[in-house]
Amino acid sequence: MITENNTIKKTALIADALPNMPWEPKPADCKEIVWRHSSNPVIDLHPMPKARSVFNSCVIPWGDGFIGVFRVDSLSMDPNLHLGTSPDGIKWTIEEEPINFICPDSALGKITVAYDPRVTRIEDMYYISWCNAYYGATIGQAWTRDFKTFHQLENAFMPYNRNGVLFPKKINGKYAMLSRPMGKGMAVDYGDIFFSESPDLTYWGKHRIVFTRGPGKWERVKIGPGPIPIETSEGWLLLYHGVTDTCDSFVYSMGAALLDINEPWKVLYRCKFPLMTPEKIYETAGYVGNVVFPTGVLADGATGRLAIYYGAADTYTAIAYANIDEIITYIKENS
Ligand code: BMA
């Protein structure tokens with residue numbers, strides 16, 4: 001962005017330096033805002049004996065490397081959450097067995113179906129949110145300090161809801177979450193992004209609409225928050241998925257918006273174009289073709305680099321890169 005005295009105003013990424021995160025410079029011939037890792041997918045089909053596919057997962061820095069909670073679809077196609085570790089954010093070792101969550105109340109029920117996890121660090125605590133099954137899809141929650149013992153919390157909302165994404169800091173003294181209430185199954189009567197707050201992660205309220213589907217065709221069927229919001233000097237950067245319909249299926253793309261820092265239900269800018277649509281073979285062909293589904297992001301506060309982890313075609317895990325300045329400028333110029 002050019003300011004009045006003709007200098008480039010840089011967007012600050014409010015994040016620690018992360019010099020060891022995956023990164024590749026933008027190829028010289030690339031005209032896009034977001035570019036793909038050259039050896040995508042980073043997790044291929046059948047990465048371990050009991051897994052059919054690993055996708056829609058979330059990674060964060062941990063020690064000298066990285067750790068993540070992964071959506072693993074088993075050989076029987078049942079999704080569950082597994083822990084994974086990596087020295088470089090690219091080569092992942094994923095545990096064969098699902099995470100064993102300590103349940104605080106048997107009435108919550110055993111976790112049988114769990115998918116699309118997000119991991120949020122708030123101070124020295126790590127919170128996991130995911131799509132849980134409790135008489136239908138809702139938002140499961142848990143915490144850990146060490147990634148060895150995991151404590152389940154109450155479900156955040158009543159069914160039906162998906163894509164619960166916790167902000168990485170309290171806002172006005174409260175935990176803050178974006179989610180996407182929705183009809184049963186694949187019903188698409190509605191599917192818009194809401195904000196909610198909670199004093200204790202149990203009682204969620206003060207629900208506010210953030211934004212609704214459309215108007216662009218690429219996001220006319222439903223939308224949902226993606227990775228945890230990214231704090232910048234210009235507001236919260238929200239990457240999200242937008243879904244359209246074609247004559248035979250859905251197409252999932254990645255969009256972006258900038259939300260107010262103190263009142264994140266207020267949208268400052270919303271990009272009218274998707275930043276990434278399915279185009280590589282690993283995105284267009286798989287168990288569910290034409291899906292890019294961003295769920296994790298690594299950010300380097302020193303350089304403004306982003307590594308976006310996304311599920312491709314409900315089959316693979318892939319990475320794309322972006323630069324915070326370019327994304328923010330693009331959103332503002334195309335909102
Ligand atoms: C959504 C979720 C995601 C999935 C997507 C595309 O409703 O089930 O896990 O990636 O559909 O199939």
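All heavy atoms count here, side chains included; hydrogens, waters and symmetry mates do not. In each ligand, atom 1 is the first atom listed, and ligand 1 is the first ligand listed.
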Side chain to side chain donor-acceptor pair (under 3.5 Å) between N161 and S179, intermediate numbers included: CA-CA 7 Å; N161 201 319; S179 72; 3.2 Å; yes
With a cut-off of 4.0 Å, which atoms of ligand 1 are near a heavy atom of [X]?
{"X": "R162", "result": "7 (O)"}
{"X": "Y252", "result": "1 (C), 5 (C), 6 (C), 7 (O), 11 (O)"}
{"X": "D116", "result": "2 (C), 3 (C), 9 (O)"}
{"X": "N56", "result": "3 (C), 4 (C), 9 (O), 10 (O)"}
{"X": "K222", "result": "7 (O)"}

Option from F150, W143, W62 for which ring pair (Phe, Tyr, Trp, His ring centres under 6.0 Å) with Y126 holds: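 Result: among F150, W143, W62, W62 is the only option passing the ring pair (Phe, Tyr, Trp, His ring centres under 6.0 Å) with Y126.
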TODO: Keeping to residues at least two apart or across chains, list the ring-ring contact (aromatic ring centres under 6.0 Å, His included) pairs with something in residues 254-292.
DONE: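 Qualifying pairs, neighbours excluded: F195-W265.
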- Measure centre to centre between the rings of W204 and F194, then say whether the value is under 6.0 Å.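 Between F194 and W204, which both carry aromatic rings, the centre distance is not below 6.0 Å.
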| query | Between K50 and E97, is the closest basic N to carboxylate O distance under 4.0 Å? | reply |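 Between K50 and E97 there is a salt bridge, with a charged N closer than 4.0 Å to a carboxylate O.
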- Query: Does ligand 1 have any atom sitting under 4.0 Å from a heavy atom of H241?
  - Reply: no
**Prompt:** Can you find an N/O atom of R180 closer than 3.5 Å to an N/O atom of ligand 1?
**Reply:** no
### Query
Taking atom SG of C58 and atom CD1 of I67, what is their separation to the nearest 0.5 Å?
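One gets 11.5 Å once the value is rounded to the nearest 0.5 Å.
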